[in-house]
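Read the structure below first, then the notes.
Whatever order the structure lists them in is the order used to number ligands and atoms, beginning at 1.
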Amino acid sequence: MSIPFEVQRNANPMPKAQREALLVNPVFGQNRTDHQVVCTWEKEKGWISAQVLPYGPILMDPASAVLHYAQEIFEGIKAYRFADGSIWTFRPHENAKRMQLSARRMALPEVPEDIFLESLKQLIAVDADWVPDASNEKSLYIRPFEIASENFLGVRATHRAEYRVIASPVGAYFTGGFKPISIWISQKSARAGKNGTGAAKSGGNYAASLVAQSEGYDNGCSQVMFLDAESSTYVEELGGMNLFFVFKDGHVATPALDGTILGGITRKSLIQLMQDRGIAVQERKISLDEVRSGITSGLISEVFACGTAAVITPIGGFKSTSETLNISATEPGPLTISLREELTGIQYGRVQDRHNWMYRLR
Ligand code: PLP
Ligand code: COI
C-alpha cells in the first residue's frame with residue numbers, strides 16, 4: 001500500500017553557515033533538521049495522509065491517548081554520507097519490520113514497509129544538507145515514531161494515530177569517544193517482564209529504565225544493565241544497547257532473545273559478521289555469576305555493547321552497590337576494535353557490503 005507524499009518546504013530553514021557550524025561537532029540528540037514527516041491513520045480509513053512539513057511543535061489535545069496511556073513506539077536508524085557524497089542507510093527493512101512488531105504489541109497500526117522506506121527518502125530529499133560528512137563517525141540519526149493521537153480518555157486501542165519522522169545530526173553517543181565505559185548493574189528495577197513489552201521499541205520501556213540510569217550516572221557509570229525480572233539472575237541488555245561477551249577460547253556469547261530483550265539490528269549484523277569470520281556465536285542465557293567469575297578468572301576477555309546510537313562501545317567494567325568488576329581500564333579489546341572497523345566500514349561505504357545491507361537514500 002502506498003500513499004503520495006505532499007511536500008511543504010520550510011520557508012525559514014536554518015541559515016547555511018549556522019547549519020555547517022553545527023555539523024562540525026554535533027552533540028547526540030541536541031539539534032533537529034528543518035523538516036519532519038507526518039502521516040496520519042484512522043481506524044475506519046487506514047493511512048490517509050503523508051506529508052513532509054517544516055519542523056515544528058505538535059499541536060495536541062491534552063486528552064490525546066499517548067499522553068495518558070503511553071501508546072507510543074519508535075525506531076532509530078542513521079543516514080551515512082559516502083565519500084562520493086551519496087547518502088545511504090543501513091538495513092531499513094529490518095527497522096520497518098521491527099516497527100511493525102512494536103506496533104502489534106502496543107495495539108498501534110502497522111506502518112506499511114513502503115511508507116516507512118518512502119518516509120526516509122522523502123525526509124532526506126529535503127534535508128540532505130543535514131547529513132554530515134563521515135569524519136569522526138558523524139551521521140544523521142533518524143527517529144521514526146508513532147503515537148496514539150485520539151482524544152479519548154477511555155482505555156482501549158486508539159482509533160487515530162500519527163507516524164512521524166524527525167532527524168538529528170549526531171556524533172558519538174558517548175562523549176568520551178571510543179573508550180571503555182562502566183556499566184551500572186540495576187538491582188532494584190527491572191526493564192521488562194515475561195510476556196511484557198521488552199521486545200517492542202516502546203517509550204515506556206525507556207521510562208522504566210531511567211531511575212536505574214540515574215543511579216548509574218550517580219555512580220560514575222554511562223549505562224545501566226538489566227537482569228531478568230523473574231529471578232534477577234540472567235543478564236539481559238543495557239538501557240539502549242545489546243551486549244556481547246568475548247571469551248578467551250575464542251567464542252562469543254550474547255543473551256538470547258527471549259521476548260524481554262530488544263532484537264537489535266546491530267546485534268543481528270554483528271552475529272553475521274562474526275559467523276562470516278568463523279567465530280562461534282552462542283545466543284543463550286548468561287548469568288551474572290558467569291560474568292562475575294569470567295571476568296575475575298580472565299575467561300571473559302572483552303565485553304562490548306552495540307546499537308545504532310552506540311555503534312560498538314567497549315565495556316571496561318560493571319559496578320553495583322555491592323561490587324566492582326573490571327575487565328580493562330583504558331583500551332578496547334581486539335575483536336571490539338576490528339568489528340567496529342568492519343561495521344562502520346560497511347556503513348560508510350569503505351568496506352565491501354557483501355550482504356547488501358546498505359540502502360541508497362539519495
Ligand atoms: N536494546 C535497546 C533497549 C535499544 O534501545 C537499542 C537501540 O536501538 C538496542 C538494543 C540496539 O538496537 P539496534 O541495534 O537496532 O539499534
Ligand atoms: C538507538 O540506538 O537507536 C536507540 O534508540 C538507543 C538510544 C540510546 C538512543
Query - Sidechain N-carboxylate O distance under 4.0 Å for K43, E150 - result: no

Query raised in the report: Of all the atoms in ligand 1, which lie at a distance below 4.0 Å from a heavy atom belonging to Y206?
Result: 2 (C), 3 (C), 4 (C), 5 (O)

Query raised in the report: Which of the atoms of ligand 1 are close to G307, meaning less than 4.0 Å from one of its heavy atoms?
Result: 11 (C), 14 (O), 16 (O)

**Report entry** Separation of I346 CD1 from L273 CG (nearest 0.5 Å)
**Finding:** 5.0 Å

Query raised in the report: Given that the side chain starts at C-beta and the backbone is N, CA, C, O, which of these parts of E236 lies under 4.0 Å from ligand 1, counting heavy atoms, or is it both or neither?
Result: neither

Query raised in the report: Is any NZ, NE, NH1 or NH2 atom of the basic residue among E75 and K201 found under 4.0 Å from an Asp or Glu carboxylate oxygen of the other?
Result: no

Query raised in the report: Does a salt bridge link E137 with K78, judged by any charged N lying under 4.0 Å from a carboxylate O?
Result: no

**Report entry** Any N or O of I265 closer than 3.5 Å to N or O of ligand 1
**Finding:** yes

Query raised in the report: Nearest non-hydrogen atom to atom 1 (N) of ligand 1 belongs to which of E75, R91, K78, E237?
Result: E237

Query raised in the report: Hey, is E94 one of the residues with a heavy atom under 4.0 angstrom from ligand 1?
Result: no

Query - Validation row: W130, S168 side chains within 4.5 angstrom (heavy atoms) - result: no

Query - Charged N-O contact under 4.0 Å between D228 and K285 - result: no

Query raised in the report: Is the shortest side-chain N to carboxylate O distance from E94 to K268 below 4.0 Å?
Result: yes

Requested in this report: Run through F90, Y141, Y348 and flag the one making a ring pair (Phe, Tyr, Trp, His ring centres under 6.0 Å) with Y80.
Outcome: Y348

Query raised in the report: Is there a heavy atom in R98 that sits closer than 4.0 Å to ligand 1?
Result: yes

Query raised in the report: In Å, rounded to the nearest 0.5 Å, how long is the span from SG of C306 to CG of L339?
Result: 9.5 Å

Query raised in the report: Nearest to atom 6 (C) of ligand 1, what protein heavy atom do you find, and at what distance?
Result: G240 O, 3.2 Å

Report summary line: Ranked by distance from atom 16 (O) of ligand 1, the top protein heavy atom is T308 OG1, 2.6 Å

Query raised in the report: Is the shortest N/O to N/O distance between K201 and ligand 1 below 3.5 Å?
Result: yes

Query raised in the report: So which heavy atom on P255 is nearest to which on R267, and how close?
Result: O-NH2, 3.0 Å

Query raised in the report: Are there more than 12 heavy atoms of other residues, nucleotides or ligands under 6.0 Å from atom CZ of R143?
Result: yes

Query raised in the report: Are Y163 and W41 close enough, and set up right, to give a ring pair (Phe, Tyr, Trp, His ring centres under 6.0 Å), and what steps lead you there?
Result: CA-CA 8 Å; Y163 164 64; W41 175 92; over 10 Å; no

Query raised in the report: Non-hydrogen atoms of R191 versus ligand 1: any pair closer than 4.0 Å?
Result: yes

Report task. Identify, for atom 14 (O) of ligand 1, the protein heavy atom at the shortest distance, and state residue, atom and that distance. Result -> T266 OG1, 2.5 Å

Query - Test item, G239 contacting ligand 1 (heavy atom, 4.0 angstrom) - result: yes

Query raised in the report: Which residue holds the protein heavy atom closest to atom 12 (O) of ligand 1, what is that atom called, and what is the gap in Å?
Result: G264 CA, 3.3 Å

Report summary line: Near ligand 2 (heavy atom, under 4.0 angstrom), the protein residues are F74, G76, Y141, R143, Y173, K201, G240, T308, A309

**Report entry** N12, CG: over 12 other non-hydrogen atoms inside 6.0 angstrom
**Finding:** no

